[in-house]
Amino acid sequence: MTPSYLDIKSQFPVLTKAPAPGQPPLVYLDTAATAQKPKAVLDAMDQFYRESYGTVRRGVYRLSEKATAAYEGTRKKVAALLGAASEKEIIYTRGATDGLNLVAASYGGSQLKAGDEIILSQLEHHANIVPWQLVAEKTGAAIRVIPCDDRGVLDLEAYRALLTSGKVKIVAVGHVSNALGTINPIREMADLAHAAGAVIVVDGAQGISHMPVDVRALGADFYAFSSHKMFGPTGVGILYGRYELLEKMPPYQGGGDMIRQVTFEKTTYQNPPHRFEAGTPSIAEVVGLGAAVDWLQSVGLDKIQAHEHALLQYGTRLLSQIPGLTLIGTAPEKAGVLGFVLEGIHPHDIGTMLDMDGIAIRAGHHCAQPVMARFNVPATARASLGPYNTEADLDALAAGIRKIQGMFK
Amino acid sequence: MSQANELYQQVILDHNRNPRNYREMPGATHVCHGHNPLCGDNITVYAKVGPNDVIEDLSFQGNGCAISKASASLMTTQLKGKPIAEARALFGEFHEMVKGNLDPETQPNHLGKLKLFEGVKEYSSRIKCATLSWHALIGGPRCRESPVFPSRSGGAFPPS
């Protein structure tokens with residue numbers, strides 16, 4: 001059966017740019033780090049700056065009204081993308097990391113007390129570990145960790161056992177592992193968390209642009225992600241939170257726009273989401289994110305998921321045939337991440353040497369040192385897929401790897 | 001030819017494959033461990049310093065990427081028999097070269113074979129690989145314990 005691939009590379013200027021003389025064309029396999037931008041997003045931001053740029057939620061002139069409409073319009077688009085009950089559940093942040101810090105500091109900081117427990121998983125990115133450590137230190141809460149097996153699949157029996165302590169208030173888990181590609185069973189984990197009286201915070205950085213995400217179908221109480229991994233600009237992200245939880249959370253940062261009234265004696269705050277949005281935001285970036293959401297909807301997340309799944313299977317077959325190559329992360333439910341190590345060749349050498357063929361991959365610990373420790377490697381090489389990748393990109397990767405092995409012989 | 005091709009030349013690949021002076025040193029006068037937790041590179045440098053501060057013997061052991069291993073290997077071959085002050089000055093030149101501040105083709109230097117690492121300047125993330133063993137020897141952020149020869153300011157290369 002021929003997989004139904006998308007044909008959208010031509011929409012990405014950086015991927016279709018003619019290389020400098022003597023240089024190979026770019027093969028971009030680092031979408032899990034950051035995604036390239038389609039022309040639609042670049043044009044939307046450019047046009048906004050040229051024609052409609054002004055401050056938001058402050059001005060009483062038409063330019064500001066126009067900017068505010070575009071800015072708030074993204075909130076509605078994101079709410080629709082996520083299947084949220086209301087756009088009031090959509091908070092603009094600086095990115096997934098900022099969103100997770102917001103939940104940890106505000107929800108965790110106000111709800112946790114000494115002796116409470118936070119459950120994380122072995123697969124987490126540092127952004128979903130360190131904020132919880134910071135709040136655990138402040139509140140006296142303890143952190144428990146769900147282990148994973150040799151494929152990178154979470155041990156749900158161990159998770160159930162951790163939940164029986166009766167002290168768990170928060171479960172924080174990634175939707176998709178950035179280092180291994182494992183897709184975690186969020187619905188099942190959410191049901192178990194809720195039955196134990198805990199809320200579930202989902203790090204959606206690697207989930208959002210690779211599959212349809214419906215926060216209510218997933219049972220997520222919070223879902224955080226970055227715009228730049230979903231074909232939008234850097235500097236902006238989204239935290240989805242269930243409104244009744246957001247309502248009881250104190251502000252995260254203080255400043256303009258998040259207040260109702262300020263006196264030196266007492267300050268009152270806005271309702272969510274604005275309570276959590278202090279200061280002039282990344283206006284054009286939010287508009288760019290809106291264009292990215294439109295773009296994703298027009299391509300279709302189900303089609304992107306099918307494209308990347310077919311490529312993942314193709315790439316897994318190709319890499320598995322290379323002697324001396326070991327795939328790290330072989331969960332049956334997996335997104336487009338190919339983590340690997342080569343016998344006798346350090347991942348950093350692989351990364352730099354692939355660059356000589358124009359192939360961009362990530363090499364290192366992927367901000368997931370506990371994952372590296374679990375698999376007993378200092379680092380891995382990681383090729384990650386986006387909707388613009390093709391079988392030819394993976395052919396180039398496999399050829400590049402074989403060439404490196406030849407040079408190291 | 002791209003910079004990566006220039007960086008991974010046969011000499012560097014050969015030093016990675018067959019590192020020189022790759023051994024423990026019983027009776028070393030100085031031992032220092034260099035560790036880069038970011039990439040897991042681990043190198044131990046051994047030195048035997050004689051009278052007049054001359055490096056009589058220099059060796060290393062450890063694991064790391066090809067750049068860190070070849071750099072350690074070439075460091076041992078280039079510094080053996082040299083006075084400490086010369087080693088320190090040579091590291092100064094090496095460090096400036098890999099940071100892209102010294103062009104070994106146009107500016108005076110004593111780098112010799114160490115010029116092979118010039119390509120590192122294209123990859124700022126790899127500078128720490130190329131300098132790991134040097135930091136262990138001379139001192140620097142990658143040296144967790146006290147370095148073999150703590151750096152001093154103003155160590156000029158003696159006239160050759």
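These figures come from a predicted structure and were not determined experimentally. Residue numbering restarts at 1 for every chain, and letters A, B, ... go by the order of the sequence lines.
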Trainee: Is it the side chain or the backbone of Asn16(B) that comes within 4.5 Å of chain A heavy atoms, both, or neither?
Mentor: side chain

Trainee: What distance separates Met353(A) CE from Leu13(B) CG, expressed to the nearest 0.5 Å?
Mentor: 5.5 Å

Trainee: Could you report the tightest heavy-atom contact between Lys409(A) and Arg17(B), atom names first, then the distance?
Mentor: O-NE, 2.9 Å

Trainee: Would you say Asn52(B) has more than 12 foreign heavy atoms packed within less than 6.0 Å of its CG?
Mentor: no

Trainee: Please tell me if the side chains of Arg126(B) and Asp349(A) come closer than 4.5 Å, counting only heavy atoms from C-beta onward.
Mentor: yes

Trainee: As an exercise: rank Ala66(B), Gly64(B), Ser68(B) by heavy-atom pairs under 4.5 Å with chain A and give me the winner.
Mentor: Ala66(B)

Trainee: Inspect the surroundings of NZ in Lys138(A) and state if more than 12 heavy atoms from other residues, nucleotides or ligands are less than 6.0 Å away.
Mentor: no

Trainee: Please tell me if the side chains of Ile404(A) and Tyr8(B) come closer than 4.5 Å, counting only heavy atoms from C-beta onward.
Mentor: no

Trainee: Could you look at Ile67(B) and say if it's the side chain, the backbone, both or neither that has a heavy atom under 4.5 Å from chain A?
Mentor: both

Trainee: Any side-chain heavy-atom pair from Asp41(B) and His346(A) closer than 4.5 angstrom?
Mentor: yes

